[in-house]
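What follows is a single structure, written as structure tokens, with notes after it.
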Amino acid sequence: MRDYRYYQSLFSGIPKPFAFIDLDLLEENAQQVRLQSNGKQIRIASKSIRSVAILQHLLQLDECFTGIMCYSGPEVLHLCAHGMDQLLLGYPIWEKSWLEAIAGEVKNGRSITLMIDSLSHVEHVEQLARRTGVRLPVCLDVDMSSDLLGLHFGVWRSPIRSLEAALKVVRRIASSDHLYLDGIMGYEAQIAGVGDRYPRRFFKNTVIRLLKQHSVREIAERRAMLASELQKLGIAPRFVNGGGTGSLHLTGKEEAVTELTAGSGFYSPALFDYYQDFRFHPASGFALEIVRQPAANIYTCAGGGYIASGAAGKDRLPLPYLPQKVQLLPNEGAGEVQTPILYRGTETLQLGDPVFFRHAKAGELCERFSRLYCVSGGKIVREVTTYRGDGLCTL
């Protein structure tokens with residue numbers, strides 16, 4: 001882990017607040033992602049990166065990184081404008097103007113796959129494909145949540161919750177002259193996106209680990225069964241996508257899965273400190289400036305209220321991490337225009353000094369900053385734009 005003086009010296013003279021990426025740690029994380037993938041191809045989840053330049057950097061690191069899982073229609077078009085290809089929509093889109101523009105890119109030879117999870121999606125996309133005169137590739141999103149003893153363990157995504165429901169949509173796609181089944185996706189969010197190593201929560205951690213063990217077995221069986229049924233129907237999708245950073249080491253072992261998706265592990269935000277099975281390096285962060293000292297050991301920083309999405313809780317707050325032994329005040333947290341922190345470490349902090357934070361989630365930090373300072377080998381090597389810096393603001 002880097003120490004405070006490393007970053008303080010490196011960013012001397014840079015106006016605060018600012019966001020940064022440590023490329024050396026980013027590349028170490030990428031290597032760790034590759035090692036956990038069991039030799040499978042890895043599609044990068046753009047929502048966790050949100051910078052064209054960083055996406056391009058990751059794609060160039062290793063041949064295992066192929067393709068991008070996008071999150072919105074405008075984002076797909078933005079990446080196309082930057083020459084990127086092998087794009088998979090991770091979520092369904094309905095807006096006709098976006099679908100028409102994407103159909104135009106497909107007609108021009110771009111590889112873009114749309115996500116669907118219902119007959120309504122199929123019929124909507126089919127009508128557009130017929131009207132624009134292009135045959136569109138689609139991917140079926142199959143629900144991977146688990147129900148156990150009345151508990152829904154997972155997230156509410158696709159309504160495709162049975163083999164019969166999946167095959168009904170698959171047959172409808174196969175009957176279309178304007179669509180074809182390019183892929184199958186199942187995201188096991190209850191494994192990939194749920195921490196199981198929270199401090200002072202032994203009972204909760206134990207229950208989550210048991211639920212994960214049950215869910216892993218169930219998901220593998222469901223995916224294998226679907227792949228077998230598709231084979232019987234003579235349908236061979238180009239890819240079967242699964243996983244997330246938190247489940248790479250498990251999903252990569254499934255024979256039915258041909259590619260994995262990873263995103264958050266590259267930046268390793270604060271929420272990723274709470275997983276039992278792996279450790280990544282904090283490769284992204286932001287700096288706030290100390291502008292007040294209202295009491296001994298309390299310093300007030302300008303700005304900082306960058307709260308993560310999801311169910312509101314303490315773990316959605318940004319995490320101050322450098323200098324060591326710095327923490328938020330429980331009654332104020334991270335504020336809209338100021339963030340007080342309690343510090344009992346050995347550094348001598350003064351007005352104008354930085355305090356370094358990590359966002360709770362990965363890509364959401366880039367919605368707050370237009371540029372990222374990229375550092376390597378103890379120096380700033382370049383500045384790159386985020387999606388926000390490119391003028392892209394859609395979700």
Side-chain angles (χ1 to χ4, degrees), residues 43-52 55 67-143 155-161 165-187 235 237-239 241 261 263 309 363-364 366-367 386-395:
R43 189 180 292 272
I44 300 171
S46 62
K47 78 179 183 65
S48 300
I49 307 299
R50 303 198 196 203
S51 168
V52 172
L55 285 170
I68 298 171
M69 180 178 286
C70 308
Y71 60 87
S72 79
E75 183 208 11
V76 166
L77 300 172
H78 183 67
L79 296 181
C80 286
H82 285 81
M84 306 189 80
D85 207 351
Q86 296 298 321
L87 308 177
L88 168 65
L89 263 297
Y91 307 84
I93 58 175
W94 194 265
E95 171 57 45
K96 290 182 179 179
S97 63
W98 299 346
L99 289 171
E100 288 171 353
I102 290 170
E105 293 289 345
V106 173
K107 183 177 282 190
N108 291 331
R110 195 83 64 174
S111 175
I112 306 170
T113 304
L114 299 171
M115 190 63 66
I116 54 97
D117 64 26
S118 67
L119 293 176
S120 296
H121 285 149
V122 173
E123 291 163 4
H124 185 65
V125 175
E126 183 181 50
Q127 288 176 9
L128 180 133
R130 182 185 300 114
R131 188 169 66 250
T132 55
V134 62
R135 192 164 179 250
L136 291 174
V138 296
C139 177
L140 178 63
D141 188 355
V142 179
D143 180 75
V155 295
W156 294 103
R157 290 172 60 99
S158 170
I160 305 297
R161 309 204 62 208
L167 294 177
K168 183 177 181 180
V169 179
V170 166
R171 290 189 180 99
R172 176 64 179 82
I173 295 168
S175 71
S176 175
D177 293 329
H178 305 282
L179 307 178
Y180 65 93
L181 186 66
D182 193 36
I184 300 288
M185 187 188 83
Y187 174 47
I235 298 173
R238 181 170 59 94
F239 62 86
N241 180 285
T261 296
S309 62
E364 291 182 17
C366 292
E367 297 298 337
T386 62
Y387 282 0
R388 176 174 177 171
D390 295 337
L392 179 69
C393 184
T394 62
L395 289 180

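The model shown is predicted, which means the values in this text are computed figures rather than measured ones.
Judged by a 6.0 Å distance limit and a 45° cone about the ring axis, R238 is not positioned over the six-membered ring of Y180.
Closest approach of V76 and C70 over heavy atoms only: CG2-CB, 3.7 Å. Of all heavy-atom pairs spanning I184 and P237, the tightest one is CG1-CG, 4.1 Å. The two residues V125 and I116 come nearest to each other via the heavy atoms CG2-CG2, 4.3 Å.
Under a 3.5 Å cut-off, the side chain of K107 and the backbone N or O of T132 do form a donor-acceptor pair. At distances below 3.5 Å, not a single donor-acceptor pair connects side-chain atoms of S176 with backbone N or O atoms of I173. With hydrogens and angles ignored, the 3.5 Å screen pairs a side-chain donor or acceptor of S46 with a backbone N or O of M69. In this structure, R110 contributes its side chain and L87 its backbone to no donor-acceptor pair below 3.5 Å. The main-chain N or O of D141 is found under 3.5 Å from a side-chain atom of S158 such that the two form a donor-acceptor pair. With hydrogens and angles ignored, the 3.5 Å screen pairs no side-chain donor or acceptor of R172 with any backbone N or O of L119. Although no hydrogens or angles enter the test, the distance criterion places a donor-acceptor pair under 3.5 Å between the side chain of H121 and the main chain of D117.
If you take OG on S72 and CH2 on W98, they are separated by 6.0 Å, rounding to the nearest 0.5 Å. The distance from the OG1 atom of T394 to the CD atom of E75 is 7.0 Å, given to the nearest 0.5 Å. Here the straight-line distance linking atom CE of M115 with atom OH of Y71 works out to 15.5 Å at 0.5 Å rounding. Put simply, CG on L55 and CD1 on I49 are 6.0 Å apart, with the number rounded to the nearest 0.5 Å.
Evaluation of the ring-ring contact (aromatic ring centres under 6.0 Å, His included) rule for H78 yields H82, Y387 as partners, not counting sequence neighbours.
Under 4.0 Å is where a charged nitrogen must lie from a carboxylate oxygen, and between R131 and E100 at least one such pair does.
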